[in-house]
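This report refers to the structure that appears directly beneath it.
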Amino acid sequence: MYVYDEFDRTFLQERVDEFRDQVRRRLSGELNEEEFKPLRLMNGVYLQLHAYMLRIAIPYGTLSSDQLRALAHVARRYDRGYGHFTTRQNIQFNWIKLEELPDAMADLARAGMHGLQTSGNCIRNTTTDQWAAATPEEIEDPRLYAEIIRQWSTLHPEFTYLPRKFKIAITAAKHDRAAIRVHDIGLRLHRRDGETGFEVIVGGGLGRTPFIGKTIREFLPRHDLLSYLEAVLRTYNANGRRDNIYKARIKIQVHEIGTEEFTRRVEEEWAQIKDGALALDDAAIDAIRAHFKEPDFATLVDDPPELEAAKADPAFARWHANAVAPHRKPGHAIVTLSLKPVGGPPGDATAEQMDAVADLADQYAYGEIRVAHEQNLTLPHVAQKDLPALWRALDVQGLATPNIGLISDIIACPGLDYCSLANARSIPLAQDLTKRFADNDRIADIGRVHLNISGCINACGHHHVGHIGILGVEKQDQEFYQITLGGKANHKARLGELLGPAVPESDVVDVVERILDAYVELRTDPKETFIAAVQRLGIEPFKERAYAAR
Amino acid sequence: MTSPLQQKLKITGPTVITANRLTDGVVVWLKADGGWSAGLADAAVVNTSDDALKLLGVANADENRAVGAYPARVEIAADGTPRPVNLRERIRVGGPTIALPGAA
């Protein structure tokens, strides 16, 4: 994995020192709140309902075991013993004291971590496939290019005060696990005529005005990545609206001037800069590649006897079928750790769990952990022969719920329990849903369903692209929830369709159950997934059932 | 630009001023003596827009102790203490409605 050099370490320490001074000046009254707020936001510090929240970047979702231990330390020392993994592969701590933040950041910096680019109108932390460098599907490790983007974008003087925040995601696999089509820029690494390059997708996004991104370039040679991104950002920055926060994202600009005109402007700008200082040569790419140390993989064979024997245990066999995916190296596997236990807050992990995962990563996974945008953790490189022992250890920690990709693997924002923007709660609803769908046989029979919950229109829970999307709204001090069906975040991304009137909080779990009961009755056979059935039938049959009892 | 003290404020019943403490973000309410309390029971309750505006002015002038001040509607319980009237404020008073991870 990427290893920081002296430049990175010095930069982070200087940033901690700078923030420490800013906090001191705020606490002494030398800086007022208006002056301080943008400074704290640049370091990932928000003020939420009950306390300050610190959002820490996990670039391209990759953590070392030592970094995960550093997060556990921050949870234990400065917070309340847990953290929340987000849909942008970051982690949030909800109870940090402003006066202790500089010390927390200093501890994080020692592990090469920070809160930069997790807030404010800048280019945010670039996200990617949690299976990067492990899945046999991919062309090349996308994290390499995510790191190039990180180095280009961090403190980029031209793009530090954009009209609005700007999110980039990359995938190098055919199956998109990074939701690239709902990002400001989505990059899909692919090959053409033996050359590696990117499909460039622009103007996707969720929030109050959701759009699926538009492809503005089918193939961009990889050496041109930064100059082209600079042209896109420059076009957006020069023409983006700063008078209306709701119309300031690039998706609105692309929509208003049209994809063709936006592309023309980008290409015009790019023609002027493409052969300049931002052109990437092989040496520059290889220099970054050298920082990503591949594990010293053992020479192993697939399906070892230890694994086959363990499958005699139905519980292990179920987990293996659900949470384990093929690896590009023989005898290895990718393992997803569910942070969605029955009745638990989606995406939360305690300090004890973080420490345990760090130890298990060292023991079984070459010391590497990934964070998935679905708010789960991944051990990307596990020897298949170790899977039974790993499963037993994960089960002790409550991290082996066999629900990956199933109805109880819910994406949910923090909602009104924490967030000052939320209109309604997300977590209690998710907890109730996981309790209703706690039966492993039943959820396995229902099969793949992505249920996403947002507590407000800002859509941090990605409700627009859930197979079942749930959006919290407030009506006369009561929580109601709108339900959408048919959304998808993958390479065939689409927005969900509103099912009907919002339902009160007390009815939501029943409505979801009736929708899924209808699916089980209406599917052509168990191989037809929920999303395929919705696409075949439309929402009407589900709408009838959803509202039947009201 | 209109200063906060010149802004109009319409309230429709008993109201308190609430904010977050600067040092740690803890929810606080403005007391009648101009200090802040972490207990809603200690809050100064006003019933007119003019009084709420005055109290908000006091709060905004004290941003080195509490930030993000705003008026919040309350109801007065039988024992005379203020109670929050909407879910958001109930959560600010009582904390998250869920058991926190790791809590016994």
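Chain letters run A, B, ... following the sequence lines, proteins first, then strands; residues in each count from 1. All values below come from the heavy atoms of this structure, side chains included, with hydrogens, waters and symmetry mates left out.
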Next item on the list: Please lay out, stage by stage, how B:R21 and A:L98 fare under the test side chain to side chain contact (heavy atoms under 4.5 Å, CB included).
Entry: CA-CA 10 Å; B:R21 196 158 60 200; A:L98 180 62; over 6 Å; no
Next item on the list: Heavy-atom distances under 4.5 Å only: say whether A:I96 touches chain B with side chain, backbone, both or neither.
Entry: backbone
Check: So which of B:L87, B:N20, B:V85 has the biggest tally of heavy-atom pairs under 4.5 Å with chain A?
Finding: B:N20
Note to self: Between B:N86 and chain A, with a heavy-atom cut-off of 4.5 Å, which part of the residue counts as in contact: side chain, backbone, both or neither?
What the structure shows: both
Check: Is chain B contacted by the side chain of A:Q48, its backbone, both, or neither, given a heavy-atom distance below 4.5 Å?
Finding: backbone
Notebook entry, point to check: Counting heavy-atom pairs under 4.5 Å to chain B, which of A:H50, A:K97, A:Q353, A:E99 comes out on top?
Noted result: A:H50
Margin query: Would the distance check show the side chain of A:Y52 and the main-chain N or O of B:V26 forming a donor-acceptor pair, the cut-off being under 3.5 Å?
Written below: no
Notebook entry, point to check: Is a salt bridge present between A:D477 and B:R73, judged by a nitrogen-to-oxygen distance below 4.0 Å?
Noted result: yes
Item checked: Which of A:A424, A:S420, A:G343 touches chain B most, by non-hydrogen pairs under 4.5 Å -> A:S420
Checklist line | A:K37 NZ: over 12 foreign heavy atoms closer than 6.0 Å | finding: no
Notebook entry, point to check: How about B:N64 and A:R26: does a side-chain donor come under 3.5 Å of a side-chain acceptor?
Noted result: yes
Notebook entry, point to check: So which heavy atom on A:D417 is nearest to which on B:I91, and how close?
Noted result: O-CG2, 4.0 Å
Next item on the list: Using non-hydrogen atoms and a 4.5 Å limit, figure out which bit of A:D348 sits close to chain B: side chain, backbone, both or neither.
Entry: side chain
Checklist line | Distance-minimising heavy-atom pair for B:E63 and A:E33 | finding: OE2-N, 3.0 Å
Notebook entry, point to check: Do you know the tightest heavy-atom contact between A:P345 and B:I98?
Noted result: CG-CD1, 4.4 Å
Item checked: Options A:L31, A:T350, A:I427, A:L416, ranked by heavy-atom pairs under 4.5 Å with chain B, top entry -> A:L416
Check: For A:L49, is it the side chain, the backbone, both or neither that has a heavy atom under 4.5 Å from a heavy atom of chain B?
Finding: both
Check: Considering only heavy atoms, which portion of B:R65 lies under 4.5 Å from any heavy atom of chain A: side chain, backbone, both, or neither?
Finding: neither
Item checked: Under 4.5 Å from any heavy atom of chain B - which part of A:E479 -> side chain
Margin query: Between A:P428, A:A422, A:G81, who has the most heavy-atom pairs with chain B when the cutoff is under 4.5 Å?
Written below: A:P428
Check: How many angstroms lie between CG in B:L100 and OH in A:Y418, if you round to the nearest 0.5 Å?
Finding: 5.0 Å
